[in-house]
Engineer: 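Here it is: the structure, laid out below.
Treat the numbers as computed from the prediction; the structure is a model and nothing was measured. Within every chain, numbering begins at 1; the chains are lettered A, B, ... in the order of the sequence lines, protein sequences first and strands thereafter.
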Protein chains: 2
Amino acid sequence: MESSSARSGGSTRREATRQKLYEAAVTLIAEQGFSATTVDEIAERAGVAKGTVYYNFASKSVLFEELLRHGVGLLTASLQEAAERTARAGGSRVDALDAMVRAGLVFIDRYPAFTQLYVAELWRTNRAWQSTLMVVRQEAVAVVEQVLREGVAAGEFSDEIDVQLTAAALVGMVLVAALDWKSFQPERSLDDVHAALSRLLQGRVSGKG
Amino acid sequence: MESSSARSGGSTRREATRQKLYEAAVTLIAEQGFSATTVDEIAERAGVAKGTVYYNFASKSVLFEELLRHGVGLLTASLQEAAERTARAGGSRVDALDAMVRAGLVFIDRYPAFTQLYVAELWRTNRAWQSTLMVVRQEAVAVVEQVLREGVAAGEFSDEIDVQLTAAALVGMVLVAALDWKSFQPERSLDDVHAALSRLLQGRVSGKG
DNA sequence: ATTTTTGCACTGACCAGTCAGTTCAAAAAC
DNA sequence: GTTTTTGAACTGACTGGTCAGTGCAAAAAT
């Protein structure tokens with residue numbers, strides 16, 4: 001459609017502005033929350049006039065909603081890719097789960113502010129973007145559930161596991177461990193954290209190593 | 001300390017008012033967030049005049065801060081009690097962990113709104129109550145870490161586990177699974193959810209049941 | 001008699017959203 | 001190839017409303 005360098009009628013400029021606004025909004029909202037973050041702050045950090053925010057987004061809520069959609073979309077794609085890559089390489093479902101744990105850690109490592117904001121909003125009710133959030137969340141969790149189901153069908157996992165709850169628990173494990181990592185031990189390496197979670201995942205905690 | 005019926009010199013009346021304000025604030029803030037919740041709303045839901053809020057708390061922030069302290073205090077006591085009860089009954093450290101998982105579920109079952117609000121605030125930075133939250137969080141997590149350390153010392157757990165990270169991961173597992181339970185499958189029983197998490201905890205997921 | 005609560009008017013700061021006007025690069029006209 | 005026009009993108013002062021917190025006299029509870 002259009003190259004970013006020499007462009008004519010299109011709207012590459014607009015896209016760049018929106019990107020700047022996303023980046024400004026994500027850190028501010030992660031730190032302060034949605035309501036405590038002002039549109040003036042977002043505009044200022046993005047290096048843009050307030051009017052530009054409203055030229056590009058219908059409202060503060062819509063800006064946030066599109067930000068959520070964008071971010072969770074990246075995560076879902078990344079999890080999906082990890083699962084497929086493992087399958088193609090002939091790995092087991094446990095390998096796939098492990099690869100997804102790593103993909104999750106990589107994502108949080110790269111976008112800690114987004115993750116923070118996502119967690120803070122996920123279980124709220126009665127908010128404007130509630131339904132959007134529900135949809136994208138389900139798309140992400142479904143990738144994990146799918147692998148669990150395949151594992152049960154293939155006899156790799158017990159058929160007594162509760163797929164939905166187990167998926168939620170696994171996500172929670174990675175999410176909280178990673179946020180703690182970023183908040184309290186940011187100097188540790190991703191491999192290190194991944195190793196600790198792998199150990200837990202494979203039940204090598206109870207029963208001496 | 002004091003009975004709610006026949007009390008003398010103290011301030012039982014005041015305490016009752018504060019309790020009403022806690023309860024009103026916790027659900028409103030869980031739903032809407034701190035900044036989006038107004039003092040007028042809190043007062044109205046508590047069935048109290050606005051002036052009363054300020055007679056009992058120095059500010060909106062202080063009210064919230066004391067609410068956080070109060071709530072996490074309950075959780076910590078409950079986890080502590082579960083660990084000690086298991087130890088007294090001669091249970092293993094895995095049993096203690098399992099008992100704490102259940103204690104966590106019972107807490108979230110009883111105070112879902114508080115849990116929601118706690119999660120939403122936990123990883124935020126630059127907020128007034130940040131330091132208070134840090135302290136009480138650490139008190140709660142320390143109970144889990146303590147059991148893990150004892151388990152390592154007793155040879156029940158691998159000495160290669162990362163205590164801090166594993167504790168965070170376990171907390172995350174319970175937290176996210178329970179919030180999903182309350183949000184999306186509230187009809188399920190606590191025992192049911194507990195069973196699913198026990199299975200995961202004891203590594204009976206990989207390896208057919 | 002003292003503590004606690006009420007009711008309500010008031011203030012001053014803050015903020016989401018608006019809008020009349022500006023900029024500028026590409027397209028059209030000449 | 002120079003001038004004119006066009007319109008998307010952007011600007012920032014301004015508006016209307018909201019809300020935390022105050023002040024205080026009267027009432028209720030203990």
Engineer: May I ask you to verify if any side-chain N or O of A/T17 is less than 4.0 angstrom from the OP1 or OP2 atom of D/dC10?
Structural biologist: yes
Engineer: Quick check: on DNA chain C, is the nucleotide nearest A/V39 upstream (toward 5') of the one nearest B/Y55, or the reverse? Name the residue that is more 5'.
Structural biologist: B/Y55
Engineer: Atom CG of A/D40 to atom P of D/dC14: distance rounded to whole Å?
Structural biologist: 14 Å
Engineer: Please determine whether the number of non-hydrogen atoms from other residues, nucleotides or ligands lying under 6.0 Å from atom CD of A/E44 exceeds 12.
Structural biologist: no
Engineer: What does B/T38 touch in the nucleic acid at a heavy-atom separation under 4.0 angstrom: a base, only the sugar-phosphate, or nothing?
Structural biologist: sugar-phosphate
Engineer: Taking the six-membered ring of B/F34 (Phe, Tyr or Trp), confirm whether the NZ or CZ of B/K60 is under 6.0 Å from its centre and within 45° of its axis.
Structural biologist: yes
Engineer: What nucleotide among D/dT22, D/dA9, C/dT18 has an atom nearest to a side-chain atom of A/R14?
Structural biologist: D/dA9
Engineer: Could you check whether A/S35 gets within reach of a base, just the sugar-phosphate, or nothing at all, counting any heavy atom under 4.0 Å?
Structural biologist: nothing
Engineer: Would you say B/Q185 and A/Q164 are linked by a side-chain donor-acceptor pair, where the criterion is simply a distance under 3.5 Å?
Structural biologist: yes
Engineer: Need one value for B/S61: base, sugar-phosphate or nothing, where a base atom within 4.0 Å counts as base even if backbone is also close, heavy atoms only.
Structural biologist: nothing
Engineer: Specify the separation, in whole Å, of atom CG of A/L63 and atom C1' of C/dA16.
Structural biologist: 13 Å
Engineer: How close or far is atom C1' of D/dA9 from atom CZ of A/F57, stated in whole angstroms?
Structural biologist: 14 Å
Engineer: Regarding B/R127 and B/S61, is there a side-chain donor-to-acceptor distance under 3.5 Å anywhere?
Structural biologist: no
Engineer: Rounding to a whole Å, what distance do you find between B/K20:NZ and C/dT6:P?
Structural biologist: 7 Å
Engineer: Under 4.0 Å, counting only non-hydrogen atoms across every strand here, what does B/V48 touch: a base, just sugar-phosphate, or nothing?
Structural biologist: sugar-phosphate
Engineer: In whole Å, what is the span from the CD atom of A/Q32 to the P atom of C/dC14?
Structural biologist: 14 Å
Engineer: Is A/R93 close enough and on-axis enough to A/F157, meaning under 6.0 Å and within 45°, for cation-pi?
Structural biologist: no
Engineer: Figure out the CZ/P separation between B/R13 and D/dA29, and round it to whole Å.
Structural biologist: 7 Å
Engineer: Nearest whole Å is fine: how far is D/dC19 P from B/F34 CZ?
Structural biologist: 14 Å
Engineer: Which residue lies toward the 5' end of DNA chain C, B/T52 or A/T37, if each is placed at its nearest nucleotide?
Structural biologist: B/T52
Engineer: Base, sugar-phosphate, or nothing: which does A/K50 touch, judged by heavy atoms less than 4.0 Å apart?
Structural biologist: base
Engineer: What is the separation between atom NZ on A/K60 and atom C1' on C/dC14, rounded to the nearest whole Å?
Structural biologist: 12 Å
Engineer: Taking only N and O in the side chain of B/N56, is any of them less than 4.0 Å away from OP1 or OP2 of C/dT5?
Structural biologist: yes
